[in-house]
Amino acid sequence: MVKVAVVQAGSVLFDTPATVAKLTVFANEAAAQGVKLIVFPEAFVGGYPKGVTFGAHVGSRSAEGRDLFRRYFESAIAVPGPEAAAIGETAAALGTHIVTGVIERDGGTLYCTILHFGDNGTLIGRRRKLMPTASERLIWGMGDGSTLDVVDTPLGRIGSVICWENYMPMLRMAMYAQNIQLYCAPTVDDRDTWQTTMRHIAMEGRCFVLSAVQYLTRADCPADYHPMQGGTPDTVLIRGGSAIYGPLGETIAEPVYGREAVITAEIDVGAIARGKYDFDAAGHYSRPDIFTLHIDRRAQKSVASEAS
């Protein structure tokens, strides 16, 4: 048995040091309950700027939008870098695994990334979101197949699939083929339909699904931030919905809405075998004579240099 947690909280938008400090507070709260794996939401460090346009229209970008993007860019983190090191130090001090969403800055491009720190503080996994959704494509680049790893840990095999990547059947199959057991699904999707998706994946993948969703209000944003949802401090931008599901699609921790929370559960990874008994999507229930999936695991570089 192992105790796990999903943290439902929002970033302090455009204040990365404050957000990292907030992560530490929630990690300590979870660890004090005996938790050995803590999952934070998508874009937690660096922020999810919900409700703004960055001044973009077809064929036109505004100066104000460029200034807002600069502010967002400066809130992102380098990996490796001091913020990632600080999160690793928290994981080591608490003796727990931490999985968290970050906005990663690499050159002139931002990526929606998930970082996984082992309980000794080492960065043992990094996932870049393959397909940003809709307007996210304006502010984030696309990841590639080089980060599609599932990590083997003493707790079980841990992997992350970010927000609407969970609607990509072939990406899910890539995770199932690596025998994922602790399927982390950091997101900002707060709709009721998200729970249907999470239960389906738990059942389809015969794995534990840990979905961490932000809870973000207008009060978490600077005074000069103007989201389309409204400007009063109690305006809810992302309402939560974090939950934990088991390998037969059962609800282990009910979705929580409308507040910040640390949601915990005791799970038995060995129980996955009960589900695999009659269904293994990448094993005995697959038909490789009919269906195959090719995955390009190479890092995609726009400029390749070779030594003469």
Side-chain angles (χ1 to χ4, degrees), residues 7 9-28 30-31 37-49 54 66-130 132 136 138-149 151 153 158-163 165 184 186-188 212 214 216 220-222 299-303:
V7 172
S11 314
V12 184
L13 200 60
F14 304 128
D15 190 340
T16 298
T19 302
V20 173
K22 188 173 183 178
L23 180 149
T24 302
V25 169
F26 275 103
N28 274 274
L37 170 63
I38 309 169
V39 182
F40 286 85
E42 176 185 21
F44 184 72
V45 178
Y48 190 85
F54 287 89
R66 293 184 186 277
D67 289 340
L68 182 61
F69 181 75
R70 174 181 175 175
R71 194 174 184 183
Y72 190 49
F73 188 88
E74 291 170 350
S75 300
I77 69 170
V79 181
E83 295 85 2
I87 299 168
E89 289 168 5
T90 296
L94 299 175
T96 185
H97 290 250
I98 293 179
V99 174
T100 185
V102 304
I103 301 304
E104 179 190 3
R105 183 176 62 245
D106 186 358
T109 298
L110 303 182
Y111 296 93
C112 180
T113 298
I114 302 298
L115 301 181
H116 179 189
F117 297 88
D119 57 9
N120 63 355
T122 302
L123 180 63
I124 59 176
R126 183 184 69 167
R127 274 270 3 258
R128 283 180 174 174
K129 192 173 186 178
L130 294 183
E136 294 172 357
L138 177 70
I139 55 174
W140 299 340
M142 297 182 185
D144 58 36
S146 67
T147 70
L148 286 176
D149 292 329
V151 182
T153 79
I158 304 175
S160 295
V161 182
I162 310 166
C163 203
E165 288 186 326
C184 303
T187 188
V188 295
Q214 286 207 35
L216 184 72
D220 297 311
C221 309
Q300 304 297 320
K301 300 293 185 182
S302 58
V303 178

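Being a predicted model, the structure only gives us computed values, none of them experimental.
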Determine which pairs satisfy salt bridge (Lys or Arg N to Asp or Glu O under 4.0 Å) with at least one residue from residues 13-28, sequence neighbours left out, and list them in order. K22-E260

Residues forming a side-chain hydrogen bond (donor to acceptor under 3.5 Å, both in side chains) with [X], sequence neighbours excluded:
{"X": "D67", "result": "none"}
{"X": "T109", "result": "none"}
{"X": "D149", "result": "R297"}

What closest approach, in Å, do [X] and [Y] show between heavy atoms, and which atom pair accounts for it?
{"X": "M142", "Y": "P132", "result": "CG-CD, 3.7 Å"}
{"X": "F40", "Y": "F26", "result": "CE2-CB, 3.9 Å"}
{"X": "A299", "Y": "D144", "result": "CA-OD2, 3.5 Å"}
{"X": "G118", "Y": "A91", "result": "O-CB, 3.6 Å"}

[X] vs [Y] side-chain heavy atoms within contact, under 4.5 Å:
{"X": "P41", "Y": "V188", "answer": "no"}
{"X": "T19", "Y": "L23", "answer": "no"}
{"X": "N28", "Y": "L94", "answer": "yes"}
{"X": "R127", "Y": "L148", "answer": "yes"}

Got a second to check how far [X]'s [atom1] is from [Y]'s [atom2], nearest 0.5 Å?
{"X": "S11", "Y": "L216", "atom1": "OG", "atom2": "CG", "answer": "6.5 Å"}
{"X": "I162", "Y": "L130", "atom1": "CD1", "atom2": "CG", "answer": "8.0 Å"}
{"X": "S160", "Y": "E165", "atom1": "OG", "atom2": "CD", "answer": "9.5 Å"}
{"X": "D119", "Y": "I38", "atom1": "CG", "atom2": "CD1", "answer": "11.0 Å"}

Verdict with supporting geometry, L110 and I139, side chain to side chain contact (heavy atoms under 4.5 Å, CB included): CA-CA 7 Å; L110 303 182; I139 55 174; 5.5 Å; no

Contacts of [X] that satisfy side chain to side chain contact (heavy atoms under 4.5 Å, CB included) - sequence neighbours left out:
{"X": "T113", "answer": "V102, E104, Y111, L115, R126, R128"}
{"X": "E89", "answer": "none"}
{"X": "L37", "answer": "V4, V39, H97, V99, L155, I158, L182, L210"}
{"X": "N120", "answer": "T122"}

For F117, enumerate each residue passing the ring pair (Phe, Tyr, Trp, His ring centres under 6.0 Å) test, keeping only those at least two apart in sequence or located in another chain. none

Using the ring of each side chain (for Trp, its six-membered ring), is F14 parallel, tilted or perpendicular to Y72, with breaks at 30° and 60°? perpendicular

Backbone of G10 reached by a side-chain donor or acceptor of Y48 within 3.5 Å: no

Residues I114, C184; criterion side chain to side chain contact (heavy atoms under 4.5 Å, CB included); working and verdict: CA-CA 10 Å; I114 302 298; C184 303; over 6 Å; no

Using the test salt bridge (Lys or Arg N to Asp or Glu O under 4.0 Å), find all partners of E42 that sit at least two apart in sequence or belong to another chain. K129

Just distance, no hydrogens or angles: give the donor-acceptor pairs under 3.5 Å from side chains in residues 73-87, sequence neighbours left out.
| from | atom 1 | to | atom 2 | distance (Å) |
| --- | --- | --- | --- | --- |
| E74 | OE2 | R70 | NE | 2.8 |
| S75 | OG | R71 | O | 3.0 |

